Undergrad: 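Please see the structure below; I have some questions.
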Amino acid sequence: MSESKPSVLVVCLGNICRSPIGEAVLKHVAKERGLDLTVDSAGTSNYHIGEDPDDRSVAICRKFKVPIKHSARQVQADDFRKFTHILAADEANLRNLNRVKPRDATAEVRLWGSYLDNEPIADPYYGGMASIWFYSCKKDFEEVYHQCVKLSNAFLDEVVGKSTQGVE
């Protein structure tokens, strides 16, 4: 268990789908565990700076009564010193983070899945085949949500200790 309060930056590509869901879910799970945790999210790209989360991200969080509010931003050099942990959604974003990480970085930069099963969080933005696009996307966003719940619990178990509460 770390002496300083953990602070976490969840990172995906555009910061409108996976990372805002991850941020909202990690905040929610930490709160349910009674933990005071600073959580934010960002993207490795500048595609959506200033935009709200994708409507499907908002809808899935609302479905599970998890508050979500965020304005997309790009990862900054200072994030590597400001946060104790930077969690990448997938290997491509992990590579991008390690590529831009400053020499004086203090944050631990890891694949978020490394706390559980080493699985990436698949990007739900485009979903499956065009003919079943809406259903596929809805299902994909729900899968991202459930994966973020599992990863949040695994991350908190390792960083602050096992919980006696089952948070879902």
Side-chain angles (χ1 to χ4, degrees), residues 1-54 57-58 60-62 64-90 93-116 119-121 123 141 144-168:
M1 188 160 137
S2 175
E3 289 298 317
S4 64
K5 180 177 104 168
S7 55
V8 182
L9 184 66
V10 180
V11 178
C12 70
L13 182 63
N15 195 214
I16 60 168
C17 296
R18 296 172 288 175
S19 57
I21 292 172
E23 173 190 352
V25 168
L26 183 54
K27 282 179 182 176
H28 180 74
V29 171
K31 184 178 178 186
E32 291 292 313
R33 287 186 176 204
L35 300 171
D36 181 24
L37 191 69
T38 299
V39 184
D40 194 4
S41 64
T44 55
S45 77
N46 63 1
Y47 302 146
H48 301 285
I49 292 175
E51 294 181 23
D52 290 337
D54 186 285
S57 296
V58 173
I60 203 65
C61 285
R62 283 192 181 141
F64 293 101
K65 297 177 177 48
V66 172
I68 183 171
K69 183 171 173 56
H70 184 75
S71 181
R73 70 181 191 84
Q74 189 173 17
V75 173
Q76 302 295 313
D78 192 49
D79 290 328
F80 292 90
R81 294 177 291 276
K82 179 180 174 186
F83 293 94
T84 60
H85 298 81
I86 298 179
L87 307 176
D90 59 31
N93 285 292
L94 181 61
R95 281 191 302 276
N96 286 336
L97 287 166
N98 283 321
R99 186 176 48 78
V100 301
K101 182 169 83 172
R103 286 190 169 161
D104 65 343
T106 55
E108 178 179 55
V109 180
R110 285 176 58 176
L111 180 70
W112 198 1
S114 70
Y115 288 92
L116 182 65
E119 292 295 319
I121 301 171
D123 191 343
F141 276 78
V144 167
Y145 172 84
H146 289 298
Q147 188 175 11
C148 286
V149 170
K150 291 175 189 170
L151 293 174
S152 293
N153 279 300
F155 170 78
L156 292 171
D157 285 350
E158 184 170 318
V159 173
V160 299
K162 295 269 185 201
S163 172
T164 56
Q165 301 174 18
V167 180
E168 195 50 46

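Source: prediction; values computed, not measured. Residue numbers start at 1 and run along the sequence shown.
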Undergrad: For the pair K82 and D40, find out whether any cationic side-chain nitrogen is under 4.0 Å from an anionic carboxylate oxygen.
TA: no
Undergrad: Rounded at 0.5 Å granularity, tell me how far CG in L35 sits from NZ in K27.
TA: 14.5 Å
Undergrad: Minimum heavy-atom separation for I68 and P20, please, with both atom names.
TA: CD1-O, 3.8 Å
Undergrad: Roughly how far apart are L151 CG and H146 NE2, rounded to 0.5 Å?
TA: 13.0 Å
Undergrad: Using 0.5 Å steps for rounding, measure from the OG atom of S152 to the CD atom of Q147.
TA: 10.5 Å
Undergrad: Any heavy-atom pair between the side chains of V11 and V75 that's under 4.5 Å?
TA: yes
Undergrad: Do F64 and V149 have side-chain heavy atoms sitting under 4.5 Å apart?
TA: no
Undergrad: List the steps, then state whether side-chain contact (heavy atoms from CB on, under 4.5 Å) holds for D90 with I121.
TA: CA-CA 6 Å; D90 59 31; I121 301 171; over 6 Å; no
Undergrad: Does a donor on one side chain sit under 3.5 Å from an acceptor on the other, for N15 and H70?
TA: yes
Undergrad: Compare every heavy atom of P6 with every heavy atom of L37, then report the nearest pair and how far apart it is.
TA: CD1-O, 3.3 Å
Undergrad: Quick one: list whatever passes salt bridge (Lys or Arg N to Asp or Glu O under 4.0 Å) with R110, sequence neighbours left out.
TA: E108, E158
Undergrad: If the condition is salt bridge (Lys or Arg N to Asp or Glu O under 4.0 Å), which residues does R62 pass it with, not counting sequence neighbours?
TA: none
Undergrad: For D36, give me all partners under side chain to side chain donor-acceptor pair (under 3.5 Å), at least two apart in sequence or on another chain.
TA: K5
Undergrad: Do side-chain atoms of R33 reach the backbone of N153 as a donor and acceptor pair under 3.5 angstrom?
TA: yes
Undergrad: Is it true that a side-chain atom of Q74 and a backbone atom of T44 form a donor plus acceptor pair closer than 3.5 Å?
TA: yes
Undergrad: When rounded to the nearest 0.5 angstrom, what is the spacing between SG in C148 and CZ in F155?
TA: 13.0 Å
Undergrad: Counting neighbours of OH on Y47 that are heavy atoms of other residues, nucleotides or ligands and sit closer than 6.0 Å, is the number greater than 12?
TA: no
Undergrad: Closest heavy-atom contact between F83 and S7?
TA: CA-OG, 3.2 Å
Undergrad: Name the one of D79, T84, L87 that satisfies side chain to side chain contact (heavy atoms under 4.5 Å, CB included) with L9?
TA: D79
Undergrad: Would you indicate whether the side-chain heavy atoms of Y115 and D157 approach each other to under 4.5 Å?
TA: no
Undergrad: Whether the side chain of S57 engages the backbone of I16 through a donor-acceptor N/O pair (distance < 3.5 Å, no angle test) should be reported.
TA: yes
Undergrad: Between H85 and A107, what is the shortest heavy-atom contact and its length?
TA: N-CB, 4.4 Å
Undergrad: Nearest 0.5 Å, what's the SG-CD distance between C12 and E23?
TA: 10.5 Å
Undergrad: Less than 4.5 Å apart, any side-chain heavy atom of V66 and any of Y145?
TA: yes
Undergrad: What do the steps show when you test V29 against E32 for side-chain contact (heavy atoms from CB on, under 4.5 Å), and what is the final call?
TA: CA-CA 5 Å; V29 171; E32 291 292 313; 5.6 Å; no
Undergrad: Of the non-hydrogen atoms in C61 and A24, which two are nearest, and what is the gap between them?
TA: SG-CB, 4.2 Å
Undergrad: How many angstroms lie between CG in L26 and NZ in K31, if you round to the nearest 0.5 Å?
TA: 13.5 Å
Undergrad: Search all heavy atoms of F80 against all heavy atoms of L97 and return the closest pair with its distance.
TA: CZ-O, 3.6 Å
